[in-house]
Amino acid sequence: MPELPEVETTRRGIATIMPGRPLRKLAVYEPRMRWPVPADLSERVANRVVQSCERRGKYLLLIFEHGTMLIHLGMSGSLRRVQLDEPRRKHDHVEWLFDDARFLLHDPRRFGAVLWHDNQEGSLLEHPLLVRLGVEPFGPDLTPAFLHDRFKGKRLNIKQALLAGDIVVGVGNIYASEALFRARIHPMTPAGRLSLKRCERLCESIRATLSDALTSGGSTLRDYVNATGNPGSYFDIHAAVYDRENKPCKACGALIRRIVQGQRATYYCPRCQRH
DNA sequence: CTTTAACCCTGGAGGC
DNA sequence: TGCCTCCAGGGTTAAA
């Protein structure tokens, strides 16, 4: 479920509640996630105050005075606010309990993670899971020149280069296809062959695609964090090409194609998008 | 160094 | 109904 817009929506949701409050209890019901949830995590954070809720790429960061809790939603995770007396459902693996608020991490596939980084272990930015991440799509570092420079010499196709996350973060499988459609760039184009001009279009397209998703996703997913019910209304978000194989392109009418790149599906319009 | 593919896991959809 | 295969929005890791 979670691409960057959902992770950011989740962050905004928890950021309205958690900061300034002591975490009374962290309950781990299932520690077998992408990596094991540290056995001593609960005692490390018990009664400690959450200072702020940040995001780096698709990692949620709960900042404490003495360290940071890293949360990743993986492929199927969601973090939602629930009533204090609401029963846990299947696949509710971790619980954050505050005096008057409660959150559950629900993750059927358990590709998500809940980890801890101690302040004394060096800068958070040097954490092995964060250190290789590319620039934030909404930050000042994402520029046409930056993309052009980082693509230089790469023979990897542009779709996989975007998805890899080491150049720019937050462009998941759906929005990689959508951003390339918007930029009218063929997904098989070697990244190193993109002109500065096309990097400019790509740059704008990435931002526009993600920010559109954040706007509409933020409203469809407003309840993502603060209500009961099913958080997975993600497919409702309109896609120009994603999951539209053999349907007409909304711009030109040609049939959308599906290909596989790096074992992930890519969708594109063979007429609108050029090498 | 770059690129590829296996893998972690559950569940839903569709074929038979 | 059941059983099978395929597919899924993530990213790390080892191997080529």
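- When each of C:dA8, C:dT12, B:dC8 is scored by its nearest atom to the side-chain atoms of A:F111, the top-ranked nucleotide is B:dC8.
- Atom CG in A:L133 sits roughly 9 Å away from atom P in C:dG11 (whole-Å rounding).
- If you take NZ of A:K159 and C1' of C:dG10, they are 12 Å apart, rounded to a whole angstrom.
- Using the six-membered ring where Trp is involved, A:H66 and A:W116 have ring planes that are tilted, between 30° and 60° apart.
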* Decide yes or no on ring pair (Phe, Tyr, Trp, His ring centres under 6.0 Å) for A:Y59 and A:H72, but give the supporting numbers first. => CA-CA 5 Å; A:Y59 289 89; A:H72 200 290; 4.6 Å; yes
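- A salt bridge does not link A:R21 with A:D99: none of the charged nitrogens is closer than 4.0 Å to a carboxylate oxygen.
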Would you list the protein and nucleotides 10-12 of chain B atom pairs, both N or O, that sit under 3.5 Å from each other?
residue : atom : partner : partner atom : Å
B:dT10  : OP1  : A:R110  : NH2          : 3.1
B:dT10  : O4'  : A:P108  : O            : 3.3
B:dT10  : O3'  : A:H91   : NE2          : 3.1
B:dG11  : OP1  : A:K90   : NZ           : 3.3
B:dG11  : OP1  : A:H91   : NE2          : 2.4

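- Among residues two or more places apart in sequence or in another chain, the salt bridge (Lys or Arg N to Asp or Glu O under 4.0 Å) test is passed with A:K152 by A:D149.
- Using a 4.0 Å heavy-atom cutoff across all strands shown, A:A265 reaches sugar-phosphate atoms only and no base atom.
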* Asked: Tell me, what's DNA chain B's dot-bracket, Watson-Crick or G-U with both distances under 3.5 Å, | for other-strand, [ ] crossing?
  -> .|||||||.|||||||
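- Between the side chains of A:E245 and A:Y267, not a single donor N or O lies within less than 3.5 Å of an accepting N or O.
- No side-chain N or O of A:T209 forms a donor-acceptor pair with one of A:E178 less than 3.5 Å apart.
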Could you list all N or O pairs between the protein and nucleotides 4-7 of chain B that sit under 3.5 Å apart?
none

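- Taking atom P on both C:dC7 and B:dA5, the two are 16 Å apart, rounded to the nearest angstrom.
- Rounded to whole Å, the distance from CG on A:L4 to C1' on C:dG11 is 15 Å.
- For the pair A:R155 CZ and B:dC1 P, the computed distance is 16 Å after rounding to whole Å.
- Side-chain proximity of A:K154 to C:dT12, B:dT3, B:dC9: nearest is B:dT3.
- Heavy atoms of A:R258 sit under 4.0 angstrom from primed sugar atoms or phosphate atoms, though from no base atom.
- Contact between A:E65 and A:N119 at its shortest, heavy atoms only, is O-ND2, 2.6 Å.
- Taking the charged nitrogens against the carboxylate oxygens, A:E8 and A:R11 do have a contact shorter than 4.0 Å, which makes a salt bridge.
- Mapping A:Y267 and A:H72 onto DNA chain C by nearest heavy atom places A:Y267 at the nucleotide closer to the 5' end.
- Residues satisfying the side chain to side chain contact (heavy atoms under 4.5 Å, CB included) criterion with A:S42, sequence neighbours excluded, are A:L26, A:V28.
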* Would A:R56 and A:E136 count as a salt bridge (charged side-chain N to carboxylate O under 4.0 Å, His left out) if you check the C-alpha gap in whole Å, the side-chain angles of each, and the deciding distance to 0.1 Å? -> CA-CA 8 Å; A:R56 178 72 179 99; A:E136 288 289 330; 2.9 Å; yes
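- Spacing between C:dC3 and B:dC9 at atom P, rounded to whole Å, works out to 23 Å.
- In this view, A:D85 satisfies the side-chain hydrogen bond (donor to acceptor under 3.5 Å, both in side chains) rule with no residue, not counting sequence neighbours.
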